[in-house]
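These notes concern the structure reproduced below.
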Amino acid sequence: MEKKFVPRITSFLCTWCSYTGADLAGTGRMQYPTAIIPIKVMCSSRVDPVFILKAYLKGSDGVFLGGCHPGDCHYEVGNYHTRRRFAIVKKVFELLGLESERLRLSWISASEGPKFARVANEFTEKIIEMGENEAKKKIFL
Amino acid sequence: MSRIDVQKASSKGLKELIAYLLESGRVSAVFSLRKDSKTGSYDLGLITEEAGMETAEPLAPVMIANAGQVLSSFAPPAEPIAVVLKPCELRAFIERAKREQGSLENILTISMTCGGVLTRDRVVSGFDSDKVGDYENHCFAGDIHPETRDTCKACEYFVPMNADITVSMAGQEDAGTRCHIYLNTDLAREMAKGFGPDPAEEDFDSSITEGLASKRAAEKERLYGAVMSGKGGLDAVIDTFGKCLGCHGCSRVCPICYCMICDFESRNFDNDMPYFEKELEQKGALRLPPDTMFFHIGRMIHMSFSCVGCGQCSDVCPADIPVASVFKKVGEQTAAIFEYVPGRDIEESIPVMVFKEEEFTEFID
Ligand code: SF4
Ligand code: SF4
Ligand code: SF4
């Protein structure tokens, strides 16, 4: 029998919103895939865009970034900066012909447990469809 | 805008103006390319006395280091100085000033409509005046000299955007016998007062650079098509940067890489033994030193929107990787999403320092 592909999705979650949202999904017993590997950060803007690149080059099948909705940032404007940086990463990936669809940014608040579960499921489905990250096999990175 | 015509070759005419500025005490020093008469080699230097002007070659078609980067290490000066920069060096300097490394205070900026600079090979392997003559013929005729840098051949911003003084070179047919000096700002008019014949009120005639602009546009298209052999994808990126020695020369000479300690040279991303073991287990082999692609793509993400396309990174690369072509192409697009042009305006904020409340929703799911 062929082994089922379980992707690994490195997920940077803002402690004030998306991480708490994920927690809520858990306590509410909502199912979301084990593919999501959460890393708690103080703010989505703590994620230097090269962290996303690093995760991708080291073979993460997807990289997820969760932040507060615009206007709700604990530090007021962190997520606006995240959005600009994320736009740059996406653009660079597109221009180099790398699979930018493996990167995703979503706004998920602390009360949006169901949204977290939905996004996690959706993104995992998409990554399964795309298959493994080819970077995993390259020795040259 | 006013214009002064000096009945001399461009480089001579400009040298006279600079000497006048020094002599009259309006500037205390001049920052310019210089040529060593013994060895024939070029360097960048500060000249404080008129006698030193003999060595000055302000319009030489070489770039030893991006002069904008060098200038930022001692600007602002205590007293006014005049600086001669290529258009891309001036833009680089403005990008540095935005990062609080340098300031335009006390600086009179002089630039030229630029025919490009010769590649390292062309400069290192002896540099006789015939070469400059040959270069000038191309430049004044509005042609691309075949031995200029790839990014110069494809450079669209060869008319200085915000120099106080512009010397007309590219496409200026009589530049070999006449020096056309444009005074673009009040500061320039003030400084040049009393120099040469009376200035004429005249705007820069952009029709003379149009021919070169369209040749460069075609060249740019060709260059961009050749980046990563016209392909994209992980394999093409690896093919392009796979020869990299990891010397980080390209980032050291980049005027935009302003960080005092580069993230990629810090220990932030060091790999430990368990990492290597795991990689080997998964892949069966490992290329060392690691993180080559990480360095290049990471640098693109960090700074490409400010890349001025000077070509310095390609020029120093010992592995002959067309670093600048890739960065120029990628940078143009990362800047475009913010409608940003690096070095266009000192008041324009670096894209990652500002934001709008409503934007880029297309990147968010
Ligand atoms: S990149 Fe443009 S401005 Fe810079 S030296 Fe080359 S032609 Fe001149
Ligand atoms: S200069 Fe060339 S070899 Fe050195 S790090 Fe840059 S790309 Fe690699
Ligand atoms: S990346 Fe290369 S071409 Fe661009 S500014 Fe830096 S040195 Fe110049």
Side-chain angles (χ1 to χ4, degrees), chain A residues 44-45 48-59 64-67 69-71 73 76-108 115 118-119 122-123 126 133-141, chain B residues 227-228 231-242 263-264 268-269 271 275 278-280 282-288 290-302 304-305 326 329-334 336-338 351-365:
Chain A
S44 59
S45 67
D48 182 316
V50 299
F51 296 180
I52 302 172
L53 174 66
K54 187 83 171 177
Y56 169 83
L57 291 176
K58 292 232 165 175
F64 178 72
L65 206 57
H69 288 272
C73 175
E76 288 175 18
V77 295
N79 49 0
Y80 291 117
H81 289 292
T82 305
R83 187 168 61 188
R84 281 211 157 192
R85 294 176 196 162
F86 189 74
I88 295 171
V89 180
K90 279 281 232 189
K91 197 77 205 171
V92 169
F93 266 62
E94 268 168 37
L95 292 164
L96 296 179
L98 306 178
E99 299 169 298
S100 73
E101 305 81 32
R102 291 191 186 275
L103 317 177
R104 175 164 177 160
L105 167 64
S106 300
W107 306 136
I108 299 167
K115 180 168 180 191
R118 178 174 62 74
V119 169
E122 238 178 57
F123 191 40
K126 180 166 180 190
N133 177 1
E134 55 168 343
K136 230 177 265 189
K137 299 187 206 83
K138 306 285 182 208
I139 61 165
F140 232 113
L141 302 174
Chain B
V227 164
M228 300 197 304
K231 293 175 294 193
L234 196 52
D235 285 327
V237 179
I238 293 173
D239 283 347
T240 304
F241 291 106
D263 217 17
F264 301 106
N268 284 350
F269 301 110
N271 301 292
Y275 158 73
K278 189 155 169 289
E279 286 277 290
L280 283 171
Q282 278 178 354
K283 300 176 179 172
L286 196 58
R287 193 245 187 182
L288 297 167
D291 289 339
T292 305
M293 302 305 136
F294 179 58
F295 166 65
H296 287 291
I297 306 173
R299 199 164 87 85
M300 264 173 238
I301 289 169
H302 274 169
S304 64
F305 47 81
V326 182
K329 180 180 178 181
V330 168
E332 196 173 285
Q333 297 296 319
T334 48
I337 61 176
F338 305 105
V352 289
M353 297 300 287
V354 288
F355 59 83
K356 291 185 199 135
E357 280 186 22
E358 296 290 332
E359 62 177 1
F360 298 128
T361 44
E362 70 275 20
F363 287 105
I364 296 142
D365 295 297

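Order of the sequence lines fixes the chain letters, A, B, ..., with proteins taken first and strands second; residue numbering starts at 1 for each chain.
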[X], part contacting chain A, at a heavy-atom distance under 4.5 Å:
X      : answer
B/V237 : side chain
B/N271 : side chain
B/V227 : neither
B/F241 : neither
B/I301 : both

To the closest 0.5 Å, what do you measure between [atom1] ([X]) and [atom2] ([Y])?
X      : Y      : atom1 : atom2 : value
B/L234 : A/F93  : CG    : CZ    : 9.0 Å
A/F51  : B/F269 : CZ    : CZ    : 5.5 Å
B/H302 : A/L53  : NE2   : CG    : 9.0 Å
A/I139 : B/L280 : CD1   : CG    : 10.0 Å
A/I88  : B/Q333 : CD1   : CD    : 13.5 Å
A/R84  : B/K356 : CZ    : NZ    : 6.5 Å

Exercise for the section: For atom CD of B/E362, decide whether the heavy atoms of other residues, nucleotides or ligands shown that lie under 6.0 angstrom number more than 12. Expected result: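 Buried by this count: over 12 neighbours within 6.0 Å.
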
Practice task
State whether the side chain of A/R85 and the backbone N or O of B/V352 hold a donor-acceptor pair below 3.5 Å, judged by distance alone.
Solution key: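 Side chain of A/R85 to backbone of B/V352, a donor-acceptor pair under 3.5 Å: no, none is there.
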
For chain A, which of [options] has the most heavy-atom pairs under 4.5 Å?
options                : result
B/D235, B/T361, B/T240 : B/D235
B/G232, B/A236, B/G233 : B/G233
B/D263, B/L288, B/T334 : B/T334
B/D291, B/V326, B/L286 : B/D291
B/M228, B/M300, B/E357 : B/E357

Problem - Heavy-atom pair count under 4.5 Å with chain B, highest-scoring of A/A87, A/S100, A/S106 - result: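 Most heavy-atom pairs within the cutoff with chain B belong to A/A87.
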
Practice task
Heavy atoms only, distances under 4.5 angstrom: which of A/R83, A/H81, A/E99, A/K90 has the most pairs with chain B? Name it, please.
Solution key: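 Between A/R83, A/H81, A/E99, A/K90, the count favours A/R83.
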
Practice task
Go through the steps to decide whether A/K138 and B/I238 satisfy the test side-chain contact (heavy atoms from CB on, under 4.5 Å), and finish with yes or no.
Solution key: CA-CA 9 Å; A/K138 306 285 182 208; B/I238 293 173; 3.9 Å; yes

Exercise for the section: For B/G298 and A/V50, work out which heavy atoms get closest and say how close. Expected result: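 B/G298 and A/V50 have their closest heavy atoms at CA-CG1, 3.7 Å.
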
Problem - Exercise: identify the closest heavy-atom pair between B/K283 and A/K136 - result: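 So the two residues come closest at CE-O, 2.8 Å.
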
Handout entry: B/F294 side chain near A/K58 side chain, heavy-atom distance below 4.5 Å
Key =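 B/F294 vs A/K58: side chains apart.
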
Handout entry: Residue pair A/R104 / B/I364, side-chain heavy-atom distance below 4.5 Å
Key =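 No, too far: nothing below the 4.5 Å cut-off.
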
Practice task
Report yes or no: is the cationic atom of A/K91 (NZ for Lys, CZ for Arg) under 6.0 Å from the centre of the six-membered ring of B/F363, at an angle within 45° of the ring normal?
Solution key: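 Ring-cation test returns no.
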
